[in-house]
Amino acid sequence: MPENRVPEDRKNPVGTTVLGYPRIGADRELKRAVERYWAGKIDESALRETGRELRAETWRELAAAGLDSLPSNTFSFYDQMLDTAELFDALPARFTGLGLSPLDTYFAAARGVQDAPALEMTKWFDTNYHYLVPELGPDTTFALTGTKPLDEYREAKAAGFETRPVLIGPVTFLVLSKASANAPEGFRPLELLDALLLRYAELLEQLYDAGAEWVQLDEPAFAGDRGEKELNALTRAYHVLAKATARPKLLVAGYFGGLGRGLGVLARSPIDAIAVDLATDPSTVDEVATQGALRDKEVLAGVVDGRNVWRTDPDRALGRAATLLGTAARVSVSTSCSLLHVPYDVERETTLDARLKDWLAFARQKVDEVVLLGRALRENVDLSSARAAVEDRASATELIDSRVRARLASLRPEHLLRAPYPRRAEAQQAALGLPALPSTTIGSFPQTTEVRKARAAYRAGTLDEAGYTAAMRAEVERVVRLQEELGLDVLVHGEPERNDMVQYFAEQLAGFAATEHGWVQSYGSRCVRPPILYGDVSRPAPMTVGWATYAQRLTERPVKGMLTGPVTILAWSFVRDDQPLADTAAQVALAIRDEVHDLESAGIRIVQVDEPALRELLPLRAAGHEAYFAWAVRAFRLATSGIADSTQIHTHMCYSEFGEVLPAIDALDADVTSIEAARSKMEVLTDLGAAGFGRGVGPGVYDIHSPRVPDVDEVSGLLRTAVGAVAPERVWVNPDCGLKTRGYAEAEPALRNLVAAARQVRAELA
């Protein structure tokens, strides 16, 4: 153990705890406050007061539940990686040189401003949470200019709560960062480790002086495959930090899977406690149990799943935790990861089936599970209620649909194949007659206040179906006319009737349930309500055909049918855990296949089946990639096969590290793939070219997650890069993603510039 001085009042274990908690507010108070601040409707002091209220409510709730220790610094106005970059003065000069306040500089890095594009955004491991990617170079000089972890620790202490500040670990922070544009070729942010450790040590000393007994450092990067450089960095980081003479005790948390070789590194390091995820990969139990070096450390057994909503099987969880007894100085119970990824409280749900509701545990219920299991690990407690709920779900035969299973069993290989792409491309061009560099959008258009009010009134019963349909049709017609006026080549109906690209379909598919208050943060102020997939899936009736055909009747230009793909529906739902994901994906794919066929029969010549989450579900370790690609590709091809050569299939992907999934993207065999590329300056095209990708591609030329409007020169420059990397006849022109989250004041000029740029580059090619 480290030789640092530990006062008598700082010898408590971490004990039963959670690794983090939701921060948006049970009613999305943070979302509303942040967006009001952006709109100039409240000032900074009002926004910060909302943050204080939400933090105080969290600490009160967790303390009242009976946890042994509480986390702090899990709150963020946007993102924890961005918080860390700001904390250590590592924001790029294009933001810090704007002359803005610290808070507005922070938001500029997250969202961008007209002359300063935002930081790149990508998925947080295999979750649907997005983080901002720090940009670091050899000239990055870290300085501890921020005080957020210290401020929030003191804030909690003043309110009567002793907390454990939570930080992104230094190695994970650097591994997830990218080299800045001016960094020399071959530079890796991990080269900055020693400089960063000095600042972490400085922060730990400040927290120690403030009275903190424990600090939690999260190192989820080691749930994936890491090489010797990363492992050596982990060794160095925790030997350096643990040897500080004045520091809190150190808890290092790994989650989203086992720590792999990182577990041994941490076990041998002079830290004080390790949190391990025992819910994601059961084999982690044996890996931990064989680590003899843990005998002087506390181990937090993460047996309550922090990412799904099913109640914990108490006997299975206790069996995993009990296996570790005797292998560590102390074993305590925790969540597998932060509860950031689940909704607040299932008791707020009034429309869920009572039996289904009893099978569920949201964040508030998971805290109770942690407390109960923590007690059960050391004493006899009554587990009958938890056991009964788990057993009831396991015996629910009505979740099985024999017709769906029979259809899947009857499938043959030819049901998943289409004609070769060159033949399809010829048939599609003959049918569609599109110009070079055809322009389109990804699907959704801005949802106005009037559209949202009409949907809300329809749900509340104050607007009848006829009135609702009339309102939505009026919006569809307005969007179609706008696209014609803008000059787009392939149109969309704008999706005014859709609340969310997954929830909309889940509400019409058998086997799903939707929540009223099950909000989860996706990024910044963007929140979603993932549906709950609890049983076998089928499509009782067409879901989109009426809207697509109405839009097509309004115009001579082709209108895309818009669907969400089976992998994304799984990724953005809370999925049943009682059968393999591959089986569930096939059921969803069969339902989407029925919709694709009905759209084609109704005269829709282009169908887009979006799979933005293809990368998201990729296993974090390479050993699982082949099996995942096999079932994910099969699901997409099942959904999109069996149609005419002349029907064009599009797919869309956004904010992913595409290099790892390029073989799967190719194997999907979509006719056109639109892909995020604006923030990364078309970097993905190099990978596509190297992989020999030979079908249509629409590299996004407009970053819709930023309020800035790209001018014609910017878009045409990106397009020139695109046609320099991909054969021009295969390039499409489109934004990075749907426009739902933007306003028309931003979207219209941006699309106008997009069309003008497409025409400009088209003329150059001619």
Side-chain angles (χ1 to χ4, degrees), residues 424-446 472-498 544-563 596 598-610 643-652 670-674 696-698 700-702 704 715 719 728-735 737-740 744 747-763 765-766:
R424 301 196 319 254
E426 183 178 350
Q428 290 159 17
Q429 183 58 24
L432 298 169
L434 296 173
L437 304 182
S439 58
T440 188
T441 66
I442 298 305
S444 62
F445 263 65
M472 294 301 105
R473 284 190 167 190
E475 179 65 10
V476 169
E477 182 167 7
R478 192 178 75 81
V479 168
V480 168
R481 299 299 175 225
L482 172 62
Q483 292 172 88
E484 289 182 321
E485 188 269 321
L486 290 170
L488 290 162
D489 299 305
V490 173
L491 312 188
V492 296
H493 80 283
E495 305 176 12
E497 80 287 359
R498 302 189 191 185
T544 67
V545 175
W547 299 111
T549 53
Y550 175 73
Q552 186 64 80
R553 289 197 299 270
L554 297 172
T555 182
E556 294 298 317
R557 301 181 193 184
V559 173
K560 289 191 288 189
M562 302 300 305
L563 305 175
V596 170
D598 281 351
L599 284 166
E600 181 185 53
S601 297
I604 301 301
R605 292 169 289 173
I606 302 178
V607 181
Q608 183 169 307
V609 182
D610 290 341
I643 56 175
D645 294 349
S646 58
T647 298
Q648 192 171 73
I649 294 294
H650 289 224
T651 191
H652 166 64
D671 299 301
V672 179
T673 300
S674 58
V697 60
V701 293
Y702 158 34
I704 68 89
V715 176
L719 269 180
E729 63 271 17
R730 294 195 287 112
V731 175
W732 283 63
V733 185
N734 48 258
C737 200
L739 301 170
K740 177 182 176 182
Y744 276 101
E748 280 194 43
L751 290 177
R752 204 172 297 279
N753 292 346
L754 180 149
V755 171
R759 288 172 175 168
Q760 184 180 101
V761 178
R762 189 182 297 157
L765 292 173

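Bear in mind that the values here come from a model prediction, so they are computed numbers and not experimental data. When reading the values below, keep in mind they use all heavy atoms of this one structure, side chains included, and skip hydrogens, waters and symmetry mates.
No side-chain donor-acceptor contact under 3.5 Å links Thr651 to the backbone of Thr673. Panel note: side chain Thr549, backbone Gly546; a donor-acceptor pair is recorded below 3.5 Å. Of the possible polar contacts, one joining the Arg605 side chain to the Ala431 backbone as a donor-acceptor pair under 3.5 Å is found. Under the 3.5 Å distance criterion, the side-chain polar atoms of Glu600 are matched with a main-chain donor or acceptor of Ala644. Using a distance-only test at 3.5 Å, with no hydrogens or angles considered, a donor-acceptor pair links the side chain of Lys560 to the main chain of Thr441. Remark: the backbone N or O of Ala436 is paired with a side-chain donor or acceptor of Arg762 at under 3.5 angstrom. A donor-acceptor distance shorter than 3.5 angstrom exists from the side chain of Ser444 to the backbone of Leu739, with no hydrogens or angles considered.
Listed here is the closest heavy atom pair of Leu751 and Pro735: CD2-CG, 4.0 Å. The minimum heavy-atom distance linking Ala757 with Val715 is given by the pair CB-CG1, 3.5 Å. Closest non-hydrogen pair, Met562 versus Thr544, comes out as O-CG2, 4.0 Å. Between Pro749 and Tyr744, the closest heavy-atom pair is CD-O, 3.8 Å. Listed here is the closest heavy atom pair of Val697 and Val672: N-CG1, 4.4 Å. The shortest heavy-atom contact between Asn734 and Leu754 is C-CD1, 3.8 Å.
In this structure, Ile606 and Gln608 have side chains that are not in contact, with every pair of non-hydrogen atoms separated by 4.5 Å or more. Inter-residue side-chain proximity for Leu491 and Glu484 is flagged as met; some heavy-atom pair is nearer than 4.5 Å. Under the 4.5 Å side-chain criterion, counting only non-hydrogen atoms from C-beta, Leu765 is in contact with Leu437. The closest side-chain heavy-atom distance from Phe445 to Gln483 is below 4.5 Å. Contact annotation: the side chain of His493 approaches that of Arg498 to within less than 4.5 Å [non-hydrogen atoms, C-beta and beyond].
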inquiry  = Pair Gln429, Leu434 - check side-chain contact (heavy atoms from CB on, under 4.5 Å), show working.
reply    = CA-CA 7 Å; Gln429 183 58 24; Leu434 296 173; 4.2 Å; yes

ask   = Going through the distances and angles, do Ile649 and Ile643 end up as a side-chain contact (heavy atoms from CB on, under 4.5 Å)?
value = CA-CA 10 Å; Ile649 294 294; Ile643 56 175; 3.5 Å; yes

query = Can Met472 and Trp547 be said to form a side-chain contact (heavy atoms from CB on, under 4.5 Å), step by step?
reply = CA-CA 9 Å; Met472 294 301 105; Trp547 299 111; 3.4 Å; yes

inquiry  = Evaluate Leu599 against Leu563 for side-chain contact (heavy atoms from CB on, under 4.5 Å), listing each step before the verdict.
reply    = CA-CA 10 Å; Leu599 284 166; Leu563 305 175; 4.0 Å; yes

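Listed by chain and residue number, His650 satisfy the ring-ring contact (aromatic ring centres under 6.0 Å, His included) test with Trp732 (two or more places apart in sequence, or in another chain). Glu556 is linked by a side chain to side chain contact (heavy atoms under 4.5 Å, CB included) to nothing, counting only residues two or more places apart in sequence or in another chain.
Checked for salt-bridge contact, Glu477 and Arg481 meet the test: a charged N lies under 4.0 Å from a carboxylate O.
Atoms CD and CG, on Gln760 and Leu719 in that order, are 9.5 Å from each other to the nearest 0.5 Å. Note that CD1 of Ile604 and OG1 of Thr647 are 10.0 Å apart. Values are rounded to the nearest 0.5 Å.
Applying the 6.0 Å contact sphere to CD of Glu426 captures no more than 12 heavy atoms from other residues, nucleotides or ligands.
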